[in-house]
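Below: the structure, in structure tokens.
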2 protein chains.
Amino acid sequence: MKPDLDECLRAGGLRRTAQRYSVLEYLTRRPIHATADEIHAALNRRFPLVSRATVYNTLRDLTRAGLVRELSSEGKAALFDAVIHPHHHFVCDQCGALEDIEWFDIPDRSRKAATGDRAVRSYEVTFHGICGRCTKSSTTH
Amino acid sequence: MKPDLDECLRAGGLRRTAQRYSVLEYLTRRPIHATADEIHAALNRRFPLVSRATVYNTLRDLTRAGLVRELSSEGKAALFDAVIHPHHHFVCDQCGALEDIEWFDIPDRSRKAATGDRAVRSYEVTFHGICGRCTKSSTTH
DNA sequence: GTCCCTGCAAACGGTTTGCACCCGG
DNA sequence: CCGGGTGCAAACCGTTTGCAGGGAC
């Protein structure tokens, strides 16, 4: 159906199995932040197909293959994204909420100078602060 | 001894206790990446003073107060830094190693445009790629 | 046919929490 | 004196792993 996904798997040196295919397809279809558990639940909604362990193992493999990005959400469950729509993040230091920030490039000059000869595949900016909700609720008065 | 640390605590709305003071002092003295467990071990090396739970609770409080930054190191134990020497990071997608990247500013233009009216307190860039060690050891041949 | 992958459940490890005691203000 | 902080240990929860059976190639 979607030969490109198969090729992605192959390119990553991963055998094509129904489980891996569906995890990858889920993430590419819904390029949102999803926890391993959400993915597991979503895939098994219709009928049991993928075990929790396999979801974790698959996500690890896909991440290593560079097909998926893992965002370790400060103590909470890790979030996974298909590597499709790059974006930055805003994290609330108080409640831990994670918001997406639209993508913008960092000037090559600063970037190259700082990373040197490292093999950089991608990058993202994480902003820290207090989100709107927390600002409102914690006003001292 | 160091009145400024006391003031930091106070400013964050935190009572001044020996435990909190020593955690904060440790992090400001050694502005490196340290896990909660390393901090706990280091502080209790001479004589037991801080329990593990208190280290965790204190780090949570300090983080909320903005005195300390938490880096959730992809699945592994979280790393903590005193908010003193800002720097960026390079994460190896393969082995998870975390390297420091010297600081550089992001042009205000891009930044403001992207974050809008959010209360941004700080930001950092995380580069992803394959570190030198992994590049060497995984060459296909 | 050979590995690698999967499922299950148990183990793991970092972090949080309940509760009683203690101390800072 | 009061409310919050601390210590201990148990609970928690996301993630990993060992092992036996099954599927990809």
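First the proteins, then the strands, lettered A, B, ... as listed; each starts at 1.
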Candidate list B:Thr58, B:Asp61, B:Thr54, test side chain to side chain donor-acceptor pair (under 3.5 Å), partner B:Arg20, passing option:
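Going through the options one by one, the only one that passes is B:Asp61.
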
Given A:His89, which of A:His33, A:His128, A:Glu99 fulfils the side chain to side chain donor-acceptor pair (under 3.5 Å) condition?
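Among the candidates, only A:His33 passes.
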
Could you state the atom-to-atom distance from [atom1] of [X] to [atom2] of [N] in whole Å?
X       : N      : atom1 : atom2 : result
A:His40 : D:dG14 : NE2   : P     : 13 Å
A:Arg52 : D:dT17 : CZ    : C1'   : 16 Å
B:Glu38 : C:dG13 : CD    : P     : 16 Å
A:Leu59 : C:dT6  : CG    : P     : 11 Å
B:Leu49 : C:dC23 : CG    : P     : 13 Å
A:Asp6  : D:dA24 : CG    : C1'   : 12 Å
B:Ile39 : C:dT15 : CD1   : P     : 10 Å
A:Leu71 : D:dT15 : CG    : P     : 12 Å

Closest-nucleotide ordering on DNA chain C, the 5'-leading residue of B:Ala78 and B:Ala18
B:Ala78

Considering only D:dT15, C:dG25, D:dG7, which nucleotide approaches the side chain of B:Arg16 most closely?
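Nearest to the side-chain atoms of B:Arg16, counting from C-beta on, is C:dG25.
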
Between D:dC8, C:dT15, C:dA9, spot the one nearest the side chain of B:Ala77, thanks.
C:dT15

Side-chain heavy atoms of A:Ile101 within contact of A:Val125, under 4.5 Å
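No, their side chains stay 4.5 Å or more apart.
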
Touch class at under 4.0 angstrom, heavy-atom based, for A:Asn57 against every strand present
base

Stepwise side-chain contact (heavy atoms from CB on, under 4.5 Å) test for A:Arg60 and A:Asn57:
CA-CA 5 Å; A:Arg60 184 197 348 95; A:Asn57 289 335; 2.7 Å; yes

Check nucleotides 2-5 of chain C for protein N or O atoms closer than 3.5 Å to its own N or O atoms and list the pairs.
| from | atom 1 | to | atom 2 | distance (Å) |
| --- | --- | --- | --- | --- |
| C:dC3 | O2 | A:Arg15 | NH2 | 3.4 |
| C:dC4 | O4' | A:Arg15 | NH1 | 3.3 |
| C:dC4 | O4' | A:Arg15 | NH2 | 3.1 |
| C:dC5 | OP1 | A:Arg20 | NH1 | 2.9 |
| C:dC5 | OP1 | A:Arg20 | NH2 | 2.8 |

OP1, OP2 of C:dT15 versus side-chain N and O of B:Tyr56: anything below 4.0 Å?
yes

Atom CZ of B:Arg10 with >12 non-hydrogen neighbours under 6.0 angstrom:
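Not more than 12 within 6.0 Å, no.
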
Does a donor on one side chain and an acceptor on the other come within less than 3.5 Å for A:Tyr56 and A:Arg52?
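No donor-acceptor contact under 3.5 Å links the two side chains.
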
Please verify the inter-ring angle class for B:His88 with B:Phe104; under 30° counts as parallel, over 60° as perpendicular, anything in between as tilted.
tilted

